[in-house]
**Q** 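Here it is: the structure, laid out below.
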Amino acid sequence: MPLLATTPVEKMTGPYARRWWALTVLCLSLLIVVMANTSLIVAAPDMTADLGLSSSDLQWVIDGYTVPYAALMLVLGAIGDKYSRRGALVTGLVVFAGGSVMGSLVHETGLVVAARAVMGVGAAVVMPATLSLLVAVFPRGERARAITAWTATSGLAIAVGPLVAGWLLEDHAWGSTFLVNVPVAVLAVVGALVLVPPSRAAGTGRVDYVGGLLSIVSVGSLVYATIEGPHFGWGPGPIAAAVVAGVGSVAFVGWELRHPHPMLDVRRFLERPFSGSMLAVLFFFFGTYGAIYYATQFLQFVLGYGALETGVRLLPLAGAVFVGAAVTGRLTPKLGVRAMVGSGMAIGTAGVLLLVLIDQGSTYADFLAPMLLLGLAIGLSVSPATDTIMGSFPESELGVGGGANDTALELGGSLGIAVLGSLLGTAYRDELAGLVGDRLPAAALGTAQDSVGGGLAVAERLATDPAAGPEQAQALADAVHRAFAQGVSTTSLVGGVIMAAGTAVVLAVLPGRRARKAAQEAAQEAAQEETAEGRDAEPSRSGG
């Protein structure tokens, strides 16, 4: 057996012998690009202190990764389909590693945001490439199991990212959370060349670059508006971005409907399995990412856990993901996609709604059940939804399918963090103003209302101020904790209601097993009729 995998998937006469080893490489690649988002949650306090980040600065350090990541996946998936899916994976890993090195070395806010953006571009190449290679390498009968492993890895990264970052921050500066990506990326590149076979789509024609540009403008503007507007006010910039997103989306749909070889055939959204699964991924990660985002802040700022302690306490979520993945692998063939996706979304909704009970006296035990439910929900629902989305695309468009799935995932997560995070900030500010607004100078109140970290920093300064003293400082810290807990409760109620509504919509759109089977049979009959008509026409053409 040769050292490097050189035989393209398209030229293999049977299943690739080392496909499960190839899956390990794909999952490792996926792990680091998802961890790059989740690890920053626990590294944020150290970065804020070292770089003097404002709330706006910190938001863009986080979302400098998200905007290119979400905006570029569709077009880069299509480019990978045409030229080389493995080549796209390797290229993306190299770009991602380069951005990680840059992020570990720079100490200016603008340069950190730029490094995060470079990493986001690399991730936008890697993410759809992992999914398209998975579907290309595995035969249909094994594909669902492979996608389940891929999904479980994504869920694992949500917990492992904070854990690894917390461990590094015990003895190293925040730059180490960037640098740790580099050896993993190098290992993944070597593994890709040795274990992942080359793959590309046959007969794809020219890439629809106009459609790709319109998708970049539309998604990028939408993500920007979603991040900037709710957090920092709907000024001219966010409003203009929202308008551009709307106009760009209409233009994208119009262009794709008329193009002979569209980047994404938007008629596919008329297919209920595809559109229902896309909505499921979008709604699910809206609630899940938002809840994990503010639950982690509560563990750090209110309960006082360090970075490593916070990461350890997220591990039950990862364990629940694997339990859910094992269950869905067994039950989906028996119960169908609609039942599993709907059950997972309902369980996730329950997990978010349980956080309504959070108050100032809550402990880690109050977060354990919600995290277990969210992890179980990820394992149950995301895999069958992803399998359905990828099954809706022909072999020549697997990268586009991966890009569509991952765009829904990242867009849902971005919306969740932005919308729920904004609601949390508003509820926190209003509650804090009611508790201590008449006892603090305007400047100190403004700093305290900016974030829970800012409120606790003001309390620390009051403790050393002779005019205030420890008692006033403790009163402010208690008020900050109470206000943030109230914000978590209020936000969770809204997030839970949105997820419940999303669950109802998804259940209405996704077809049941009978309807889906009937549609598949009708499609097969139509294909057989077309084949028969073609055969009948051949003698007349040859006789003519």
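Keep in mind the model is a prediction, meaning the values are calculated, not measured.
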**Q** Would you say the side-chain atoms of S39 pair up with the backbone N or O of G161, donor to acceptor, closer than 3.5 Å?
**A**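 Not at all, since once roles are kept as given, no pair shorter than 3.5 Å links the two residues.
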**Q** Grab the two heavy atoms, one from V196 and one from L26, that are nearest each other, plus how far apart they are.
**A**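 Distance-wise, the nearest heavy atoms are CG2-CD2, 4.4 Å.
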**Q** Checking the side chain of S215 only, and the main-chain atoms of G212 only, is there a donor and an acceptor separated by less than 3.5 Å?
**A**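 At least one qualifying donor-acceptor pair exists.
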**Q** Can you tell if the side chain of I32 reaches within under 4.5 Å of the side chain of L93, non-hydrogen atoms only?
**A**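 Of all side-chain heavy-atom pairs linking L93 with I32, at least one is under 4.5 Å.
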**Q** Let me confirm one number: the CG-OG distance from L409 to S154, rounded to the nearest 0.5 Å.
**A**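 Answer rounded to 0.5 Å: 5.5 Å.
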**Q** Do you know which of E395, R85, R86 makes side-chain hydrogen bond (donor to acceptor under 3.5 Å, both in side chains) with S199?
**A**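 That would be R85; it is the only one of E395, R85, R86 passing the side-chain hydrogen bond (donor to acceptor under 3.5 Å, both in side chains) with S199.
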**Q** If you measure from CG on L31 to OG1 on T130, what distance do you get to the nearest 0.5 Å?
**A**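 Answer rounded to 0.5 Å: 11.5 Å.
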**Q** So, do R19 and E142 sit near enough that their side-chain heavy atoms are less than 4.5 Å apart?
**A**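 In contact.
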**Q** Is there a donor-acceptor contact under 3.5 Å from the side chain of T332 to the main chain of G329?
**A**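 Not confirmed, T332 side chain does not pair with G329 backbone.
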**Q** Are the side chain of T328 and the backbone N or O of A325 linked by a donor-acceptor pair below 3.5 Å?
**A**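 Absent.
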**Q** Given side-chain contact (heavy atoms from CB on, under 4.5 Å), test N37 with E410 step by step and report yes or no.
**A** CA-CA 11 Å; N37 243 352; E410 190 61 27; 3.4 Å; yes
**Q** Is it the case that the side chain of Y65 and the backbone of V33 share a donor-acceptor pair, with hydrogens and angles ignored and the cut-off at 3.5 Å?
**A**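 Pair found, side chain donor or acceptor close to backbone of V33.
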**Q** Can you spot which of V505, L279, T503, V382 makes a side chain to side chain contact (heavy atoms under 4.5 Å, CB included) with M345?
**A**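 Of all the options given, the one that passes is T503.
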**Q** Quick check for you: to the nearest 0.5 Å, what is the distance between M278 atom CE and N405 atom CG?
**A**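 If we round to the nearest 0.5 Å, M278:CE and N405:CG are 7.0 Å apart.
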**Q** In Å and rounded to the nearest 0.5 Å, what is the OG1 to CZ distance from T388 to R338?
**A**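 Output value for this atom pair is 13.0 Å.
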**Q** Let's go through L420 and Y293 carefully: what are the C-alpha distance in whole Å and the side-chain angles of both, what is the deciding distance for side-chain contact (heavy atoms from CB on, under 4.5 Å) to 0.1 Å, and is it a yes or a no?
**A** CA-CA 9 Å; L420 297 182; Y293 174 71; over 6 Å; no
**Q** Which heavy atom of V121 sits nearest a heavy atom of P68, and at what distance?
**A**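 The answer is CG2-CB, 4.0 Å.
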**Q** Less than 4.0 Å between a side-chain N and a carboxylate O, is that true for R267 and E256?
**A**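 Looking at R267 together with E256, the answer is no, because their closest N to O distance does not fall below 4.0 Å.
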**Q** Step by step, work out the side-chain contact (heavy atoms from CB on, under 4.5 Å) result for Y69 and D63.
**A** CA-CA 9 Å; Y69 188 15; D63 291 314; over 6 Å; no
**Q** Would F138 and Y16 count as a close aromatic pair, with their ring centres under 6.0 Å?
**A**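 Between Y16 and F138, which both carry aromatic rings, the centre distance is not below 6.0 Å.
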**Q** Is there a donor-acceptor contact under 3.5 Å from the side chain of N181 to the main chain of A36?
**A**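 Absent.
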**Q** Taking atom CG of L76 and atom CG of D81, what is their separation to the nearest 0.5 Å?
**A**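 If we round to the nearest 0.5 Å, L76:CG and D81:CG are 11.5 Å apart.
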**Q** State, yes or no, whether a side-chain contact exists between V210 and L214 at a heavy-atom distance under 4.5 Å.
**A**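 Sidechains of L214 and V210: in contact.
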**Q** Do I389 and F393 come within less than 4.5 Å of each other through their side chains, counting heavy atoms only?
**A**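 The answer is yes; the side chains approach within 4.5 Å.
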**Q** Any non-hydrogen side-chain atom of D208 less than 4.5 Å from a side-chain atom of H261?
**A**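 Not in contact.
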**Q** If you take all heavy atoms of V219 and A71, which pair is closest and at what distance?
**A**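 For V219 and A71, the tightest heavy-atom pair comes out as CG1-CA, 3.8 Å.
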**Q** One thing to verify: whether R268 and E397 come together as a salt bridge, which I'm taking to mean a side-chain N less than 4.0 angstrom from a carboxylate O.
**A**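 A salt bridge is present here (some side-chain N lies under 4.0 Å from a carboxylate O).
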**Q** Going by atom types alone, do W150 and T386 pair a side-chain donor with an acceptor below 3.5 Å?
**A**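 No donor-acceptor contact under 3.5 Å links the two side chains.
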**Q** If every non-hydrogen atom of M35 is compared with every non-hydrogen atom of V160, which pair is closest and at what distance?
**A**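 That would be SD-CG1, 3.9 Å.
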**Q** If I compare all heavy atoms of L264 with all of F252, which pair ends up nearest, and what's the gap?
**A**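 Here L264 and F252 meet closest at CB-CZ, 4.1 Å.
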**Q** Ring-plane angle category for H259 and W255, please: parallel below 30°, perpendicular beyond 60°, tilted otherwise.
**A**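 The arrangement is tilted - the two ring planes meet at 30° to 60°.
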**Q** Using a 4.5 Å cut-off on heavy atoms from C-beta on, say whether the side chain of F178 contacts that of R116.
**A**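 When only atoms from C-beta onward are counted, F178 and R116 do touch, with a gap below 4.5 Å.
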**Q** Looking at every heavy atom in both A152 and F322, which two are closest together, and how far apart are they?
**A**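 Shortest heavy-atom separation between A152 and F322 comes out as CB-CE2, 3.9 Å.
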**Q** Hey, mind stepping through L222 and T226 against side-chain contact (heavy atoms from CB on, under 4.5 Å) and telling me if it holds?
**A** CA-CA 6 Å; L222 176 60; T226 301; 3.9 Å; yes
**Q** Does any part of the side chain of M340, heavy atoms only, come nearer than 4.5 Å to the side chain of S381, both counted from C-beta?
**A**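 No, side chains not in contact.
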**Q** Tell me, do L282 and L411 make a side-chain contact under 4.5 Å, heavy atoms counted?
**A**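 Result yes, sub-4.5 Å side-chain heavy-atom pair found.
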**Q** To the nearest 0.5 Å, tell me how far S277 OG sits from E271 CD.
**A**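 Those atoms lie 11.0 Å apart.
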